[in-house]
Amino acid sequence: MPIPMQTVSEWYNEIVERAGLAEHSPVRGCMTIKPYGWALWENIQRPLDEAFRRTGHQNAYFPLFIPLSFLAKEAQHVEGFAQECAVVTHYRIKTNPETRNVSIDPEAALEEPLVVRPTSETIIWDAFRGWIQSYRDLPLLINQWANVVRWEKRPRLFLRTAEFLWQEGHTAHATAEEALQEALRMLDLYEEFVQEYLAIPVIKGRKTPNERFAGAVETFTIETLLIDGKALQAGTSHFLGQNFARAFDVKFLNAQNELEYVWATSWGVSTRLVGAVILSHGDEKGLILPPKIAPIQVIIIPIWRSEEERASIVSKAHEIAAHLRAKGLRIKVDDDPQHRPGWKFNEWELRGVPLRIALGPRDLETDTLEVAWRYTGEKQTYPTQEAIQRIPEWLEATQLALFERAKARIQSQTHVVDSYAEMRDILEKAGGFILAHWDGTTETELAIKEETGATIRCIPFNTNPELGKCIYSGRVSQQRVLFARAY
RNA sequence: CGAGGCGUGGCGCAGCCCGGUAGCGCACCUGCUUUGGGAGCAGGGGGUCAGCGGUUCAAAUCCGCUCGCCUCGACCA
């Protein structure tokens, strides 16, 4: 990718704002998602929501506020989130009409402070207690679309905001085996969605105990690598064991009439995925959006020299748009007289529209149009009918090509490494994924993190067991794990 | 939380050192000419200079305090 590693951060902020995805809000760490960014998020949400329904999940909604005492019920869970909680302590403010000052009314303190949810396990499991009596109530498969708040010290637009939007699935099962299968099934669903819709290759695996979700028995993850060589956790799925069932006393009667604690999972993906798309496919001209999620799949730009030409060309452009919309495509005709064609070319490239059609006086005479591909920059003229017919296949081909391009990039950024010195060298120079042996201890993991900034992103599923020596301690290792510096 | 940077029309910035009529580019409004890779000319509108206090005849500018945001780190399912 033609964006130098050192400038990616600057590029990213500029693109997010100039492309109209989002902007910084008056509240530190929180962003305003603008219409184009929201349309993109909706195009991510919709197919995901459909997939959850197909797999038997139901949507529900739980409160934004969580009583402080609820968080305290699962020891590891509260430990994990304690450092980043926003807390509501009062329910009223006072106004002074003379000074026009507004202040918190000290008389109005809540008896029990409310935590703005950083995640909803606790309030959901409190509710589940009342929903589950018998094995006949299981499995209980619930999903929630919501906003959550984690008071991040170092926010970044989309990638790590203090408030973010996500879905969180929460399920309850009669057996450990069934819950584990559910956690793995949803991880597979995430993998398929991210690769197929976002054209982002991911590596599936399990987290080390140190990187596990607070309160989970096992955390599974899909990890990807962005253009600057930094890793991003794109989605997670947790096997929670009976931890939350015990904390919230959720039991069921099994077929033998015995009381048992329920087994649980939770899983989520967030608006972070928008950041992943930007930093997987973008180039120096701006965004490159995969056709399946692009708010506009084809932009049509009419070009005219006089008012007479304008009328006939614009009407031809809308005619072409109608044909394409009839095929179920998302099309926009940019007939805004405020801007000239060159301005529009740049603008829609910045916004990442996969295909562009330019239609001018020359084309009107020959019944042709010019097609331009965003991801290659290639331009070619086609007879109008042929173009209309072939655009769906071109969009599909673009979707696949973006995935293959990202896959090749990540492959080139992935290094199988057998010496610690080499690992440090690669991390310093270009970043990337490092596949190396690890002795399985948290001490080694933390020491490597301390010295290199790299963490174990996951213990990948799809690697063959391979005996080796730990890159750090020299002790025996059963398989390679995936290291990287991460967002 | 540590280190840097920045708060001046909607956006990006200059002016501050050396106090004295708030300026430039983009955007916006009007008109004409333009339109196949970010158009040109002419005219025009818009700013409590982050806030509070101090020094001074006079403060965007000097002094003090406060607030906010950004970047880089530490931290972070």
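A note on names: the letters A, B, ... follow the listed sequences, proteins ahead of strands, and every chain is numbered from 1.
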Rounded distance in Å - CG (A/L446) to P (B/rC75): 10 Å

So what does A/K449 touch, heavy atoms closer than 4.0 Å: a base, only the sugar-phosphate, or nothing? sugar-phosphate

Tell me which donor-acceptor pairs under 3.5 Å the side chains of residues 27-38 of chain A have, and how far apart each pair is, sequence neighbours excluded?
{"unit_1": "A/R28", "atom_1": "NH2", "unit_2": "A/E152", "atom_2": "O", "d": "2.7"}
{"unit_1": "A/Y36", "atom_1": "OH", "unit_2": "A/R351", "atom_2": "O", "d": "2.7"}
{"unit_1": "A/W38", "atom_1": "NE1", "unit_2": "A/E42", "atom_2": "OE2", "d": "2.9"}

In whole angstrom, give me the gap between the P atoms of B/rU56 and B/rC63. 16 Å

Hey, does A/W166 reach any base, or is it just sugar-phosphate, or nothing, if we go heavy atoms under 4.0 Å? base

Distance, rounded to the nearest Å, where A/E23 contributes CD and B/rC70 contributes P: 12 Å

Report which part of the nucleic acid A/P118 touches: base, sugar-phosphate, or nothing (heavy-atom distance under 4.0 Å, all strands). nothing

Send over the distance from A/R362 CZ to B/rG37 C1', rounded to a whole Å. 12 Å

Identify whether any heavy atom of A/E84 sits under 4.0 Å from a base atom; if not, whether one sits that close to sugar-phosphate; answer base, sugar-phosphate or nothing. sugar-phosphate

Under 4.0 Å, counting only non-hydrogen atoms across every strand here, what does A/R272 touch: a base, just sugar-phosphate, or nothing? nothing

Length of the CD-C1' vector between A/Q338 and B/rC26, whole Å: 15 Å

From the options B/rG37, B/rA39, B/rC72, select the nucleotide whose nearest atom is closest to the side chain of A/R340. B/rA39

Expressed as a whole number of Å, how far does the C1' atom of B/rG64 sit from that of B/rC69? 22 Å

Let me know, please, whether A/R18 or A/K153 comes out on the 5' side of the other along RNA chain B by nearest nucleotide. A/R18

Test item: A/R424 side-chain N/O and A/E451 main-chain N/O as donor-acceptor pair under 3.5 Å: yes

Give one of base, sugar-phosphate or nothing for A/N13, where a contact means two heavy atoms less than 4.0 Å apart. sugar-phosphate

Roughly how many Å apart are B/rC57 and B/rG19, using the P atom of each and rounding to a whole number? 15 Å

A/R154 side-chain N/O to B/rC76 phosphate OP1/OP2 under 4.0 Å: no

Evaluate the ring planes of A/W41 and A/W145, with Trp represented by its six-membered ring, and classify them as parallel (under 30°), tilted (30 to 60°) or perpendicular (over 60°). perpendicular

Any side-chain N or O of A/R305 below 4.0 angstrom from OP1/OP2 of B/rU34? no

Would you call A/E182 and A/R185 a salt bridge, using N to O less than 4.0 angstrom? yes

Which whole number of Å gives the distance between the C1' atom of B/rA22 and that of B/rA60? 8 Å

Would you indicate which nucleotide in B/rG36, B/rC72, B/rG37 comes nearest to any side-chain atom of A/R156? B/rC72

Quick one: label A/F164 by what it contacts on the DNA or RNA (base, sugar-phosphate, nothing), any heavy atom closer than 4.0 Å. base

In whole Å, what separates the P atom of B/rG20 from that of B/rC65? 25 Å

Which part of the nucleic acid, if any, lies within reach of A/Q83 when heavy atoms closer than 4.0 Å are counted: base, sugar-phosphate only, or nothing? nothing

According to a strict under-4.0 Å criterion, is A/R28 in side-chain N/O contact with OP1 or OP2 of B/rC69? no

Looking at A/F461, is A/K204 sitting on its ring face, NZ or CZ under 6.0 Å from the six-membered ring centre and within 45 degrees of the normal? no

Between B/rC6 atom C1' and A/E10 atom CD, what is the distance in whole Å? 15 Å

Quick one: is B/rU71 close enough that its OP1 or OP2 comes under 4.0 Å of any side-chain N or O from A/S9? no

Cationic N near anionic O, under 4.0 Å, A/K316 to A/E309: no

Whole angstroms only, please: what is the NE2-C1' distance between A/H339 and B/rC26? 12 Å

Once salt bridge (charged side-chain N to carboxylate O under 4.0 Å, His left out) is applied, do any residues pair with A/R156, and if so which ones, sequence neighbours excluded? none

Between atom NZ in A/K379 and atom C1' in B/rG36, what is the gap in whole Å? 8 Å

Partner of A/W267 by ring pair (Phe, Tyr, Trp, His ring centres under 6.0 Å), out of A/H170, A/H57, A/H238: A/H57

Nearest-Å distance once atom P is located in both B/rG4 and B/rU8: 22 Å

Take atom C1' in B/rG46 and the same atom in B/rC72, then report the distance between them in whole Å. 37 Å

A correct dot-bracket answer for RNA chain B, with pairs being Watson-Crick or G-U at under 3.5 Å, [ ] for crossing pairs and | for inter-strand pairs, is ((((((((.[[[[.)....(..]]]].((((((.....)))))).....[[[[[..)....]]]]])))))))....

side-chain N/O A/H24 vs B/rC70 OP1/OP2, d < 4.0 Å: yes

Determine the interatomic distance between C1' on B/rG10 and the same-named atom on B/rG53; round to the nearest Å. 31 Å

Quick check against the 3.5 Å criterion: does A/T384 have a side-chain atom that pairs as donor or acceptor with the backbone of A/D367? yes

Give the nucleotide from the list B/rG38, B/rG36, B/rC72 with an atom nearest to the side chain of A/P361. B/rG36

With nearest nucleotides of RNA chain B determined for A/V148 and A/I303 from heavy-atom distances, which residue corresponds to the more 5′ nucleotide? A/I303

Tell me: CD of A/E17 to C1' of B/rG10, nearest whole Å? 14 Å

Using 30° and 60° as the class limits, which term best fits the ring planes of A/W394 and A/Y382: parallel, tilted or perpendicular? tilted

Hey, does A/T219 reach any base, or is it just sugar-phosphate, or nothing, if we go heavy atoms under 4.0 Å? nothing

